[in-house]
Amino acid sequence: MHRMPIALTVAGTDPTGGAGVLADSKAFHSRGVYGMAAVTSLTAQNTMGVQDVFNVPAEFLEKQLESIFSDEVPHAMKSGMVATIDMMVVVANMVEDYNIPFVIDPVMIATSGDALIEEESIEFLRSTLLPAALTVTPNIHEAEKITGHKIEKEADVRKAARIFLDEIGVHSVTIKGGHLEGDAVDYLFTHEDTVILSEPRIETSHTHGTGCTFSAVMTAELAKGKTLEESFRLAKRYITSAIRNSPGIGKGNGPVNHFSFREEQVHE
Ligand SMILES: Nc1ncnc2c1ncn2[C@@H]1O[C@H](COP(=O)(O)OP(=O)(O)OP(=O)(O)O)[C@@H](O)[C@H]1O
Ligand SMILES: Cc1ncc(COP(=O)(O)O)c(N)n1
């Protein structure tokens, strides 16, 4: 029997398949990893925005996770949209019981600007969930919201990273600079090192689900036993290719292409 690496996503749904568990599942699959998903919220959304959100009761999220972990323990997991404190408690308890690499994409707002999690849950996210992660992957807006500081340039990114590492107590933070001006620069800060990856900005509005996809690829690589830095480097190359080759779906901010990246390619 050939054992495949297994990655789990704990996240919401996007019925148009660009973000959330469907995006994660495509990313896992394309990296040769067996994907599992526990659903936190159903959203009615498309490439134009989020029309409605229906949160799954926290007890039912717990049941899904029990079903998964009592059968097979994934090699790595990620969380995306975890909308309420009650659901965060369930995820925190699960992570405490199983020591597997855990990537938190602290999803708060959709690309369209719509809120995806309850405002009151942000403090709990900061104090309880974030320190449990191997890495946290905020975009600029999420990093601002979590640290309480405006981020406009690289010096601000570095200051925010110090708050994540020293005050919040994360193991590492991956700050994505997709929403800053200029090139698309991402940063991985650990207590020992900083890795900075830059790619030319692609002029496109088709970036729906880039954050979900990026963290899912990192999780897939971690499930294979890759290091954090290797996973970060691969996710950056993958997302650049995925954005460049977006399939042009929908009337608004379309999704990326989860199947365009080839590892052997030097330039996508
Ligand atoms: N126009 C672009 N050109 C090249 N890379 C980009 C572009 N936009 C985003 N990226 C890259 O995509 C990844 C996701 O970054 P971003 O900061 O957009 O995250 P996000 O806000 O969570 O995603 P989303 O925009 O889907 O909400 C990062 O690696 C970032 O550098
Ligand atoms: C269910 C769900 N989860 C997350 C996001 C954010 O997506 P992204 O920041 O990757 O565009 C989303 N729009 N919908």
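We count ligands from 1, going down the list as the structure has it; atoms in each ligand are counted the same way.
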At less than 4.0 angstrom from any non-hydrogen atom of [X], what atoms of ligand 2 do you find?
X      : result
Gly209 : 8 (P), 10 (O), 11 (O)
Thr13  : 1 (C)
Gly211 : 10 (O)
Gly12  : 1 (C)

Closest non-hydrogen protein atom to [atom], residue and atom name please, with distance?
atom                    : value
atom 5 (N) of ligand 1  : Ala184 CB, 3.3 Å
atom 23 (O) of ligand 1 : Thr210 OG1, 2.9 Å
atom 14 (N) of ligand 2 : Gln45 NE2, 2.8 Å
atom 7 (O) of ligand 2  : Cys212 SG, 3.4 Å
atom 22 (O) of ligand 1 : Lys176 NZ, 2.8 Å
atom 1 (N) of ligand 1  : Ile202 O, 2.9 Å
atom 9 (C) of ligand 1  : Gly178 CA, 3.8 Å
atom 27 (O) of ligand 1 : Thr111 OG1, 3.3 Å

**OP:** Of the side chain and backbone of Leu116, name the one, both, or neither that has a heavy atom under 4.0 Å from an atom of ligand 2.
**Re:**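 For Leu116, the contact with ligand 2 is made by the side chain alone.
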
Original post:
What part of Thr210, side chain, backbone, both or neither, has a heavy atom within less than 4.0 angstrom of ligand 2?
Top reply: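 Contact part for Thr210 vs ligand 2: backbone (N, CA, C, O).
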
**OP:** Give the ring-plane orientation class for Tyr238 versus Phe261, where under 30° counts as parallel, over 60° as perpendicular and anything between as tilted.
**Re:**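 The rings of Tyr238 and Phe261 sit tilted, inter-plane angle from 30° to 60°.
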
Using a strict 4.0 Å threshold on nitrogen-to-oxygen distance, state whether [X] and [Y] make a salt bridge.
X      : Y      : value
Lys150 : Asp156 : no
Arg3   : Glu72  : yes
Lys63  : Glu59  : no
Glu199 : Lys236 : no
Asp183 : Arg201 : no

Subject >> Main-chain N/O of Lys226 paired to Glu221 side chain as donor or acceptor, under 3.5 Å >> reply: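 Checked: no pair found.
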
For the 3.5 Å polar cut-off, considering only N or O atoms, please tell me whether [X] and ligand 1 meet it.
X      : value
Gly211 : yes
Asn139 : yes
Thr207 : yes
Gly177 : no

Subject >> side-chain contact (heavy atoms from CB on, under 4.5 Å) between Phe189 and Arg158, worked out >> reply: CA-CA 9 Å; Phe189 297 92; Arg158 289 183 183 277; 4.2 Å; yes

Tell me which one of [options] gets a heavy atom nearest to [atom].
atom                    : options                        : result
atom 21 (O) of ligand 1 : Glu142, His208, Arg237, His179 : His179
atom 12 (O) of ligand 1 : Ile243, Val185, Thr204         : Ile243
atom 12 (C) of ligand 2 : Gly80, Ala19, Ser215, Gly20    : Ala19

Original post:
Are Ile239 and Val33 connected in a single hydrophobic cluster, I mean Ile/Leu/Val/Met/Phe/Trp/Tyr linked by side-chain heavy atoms less than 4.5 Å apart?
Top reply: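 Per the 4.5 Å side-chain linkage, Val33 and Ile239 are not co-clustered.
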
Original post:
Got more than 12 heavy atoms from elsewhere within 6.0 Å of CZ, Phe124?
Top reply: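 Count over threshold, so yes.
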
Subject >> Approximate separation, where rounding is to 0.5 Å, of His258 NE2 and His29 NE2 >> reply: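 Rounded to the nearest 0.5 Å, the NE2-NE2 separation comes to 12.5 Å.
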
**OP:** Output yes when the distance from some N or O of ligand 2 to some N or O of Ile109 is under 3.5 Å, and no in every other case.
**Re:**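 No, since none of the N or O atoms of Ile109 sits under 3.5 Å from an N or O of ligand 2.
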
Original post:
Judging by distance only, is a nitrogen or oxygen of Met81 under 3.5 angstrom from one on ligand 2?
Top reply: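 No: no nitrogen or oxygen of Met81 is under 3.5 Å from one in ligand 2.
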
**OP:** Specify side chain, backbone, both or neither for Glu203, according to which of its non-hydrogen atoms lie closer than 4.0 Å to ligand 1.
**Re:**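 The answer is neither; Glu203 stays 4.0 Å or more away.
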
State, yes or no, whether a side-chain contact exists between [X] and [Y] at a heavy-atom distance under 4.5 Å.
X      : Y      : answer
Ile202 : Thr240 : yes
Leu42  : Val39  : yes
Thr135 : Met218 : yes
Leu234 : Glu263 : yes
Ile140 : Leu180 : yes

Original post:
Is there a heavy atom of Ile239 sitting under 4.0 angstrom from any atom of ligand 1?
Top reply: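 Contact check Ile239 vs ligand 1: positive.
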
Original post:
Under a heavy-atom criterion of less than 4.0 Å, does Glu199 contact ligand 1?
Top reply: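 Glu199: no contact with ligand 1 (<4.0 Å).
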
Numbered atoms and elements of ligand 1 in range of [X], under 4.0 angstrom, heavy atoms:
X      : result
Arg201 : 1 (N), 3 (N)
Asp186 : 28 (C), 29 (O), 30 (C), 31 (O)
Phe214 : 29 (O)

Original post:
Does the gap between the ring centers of Tyr98 and Phe69 come in under 6.0 Å?
Top reply: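 Yes, ring centres under 6.0 Å apart.
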
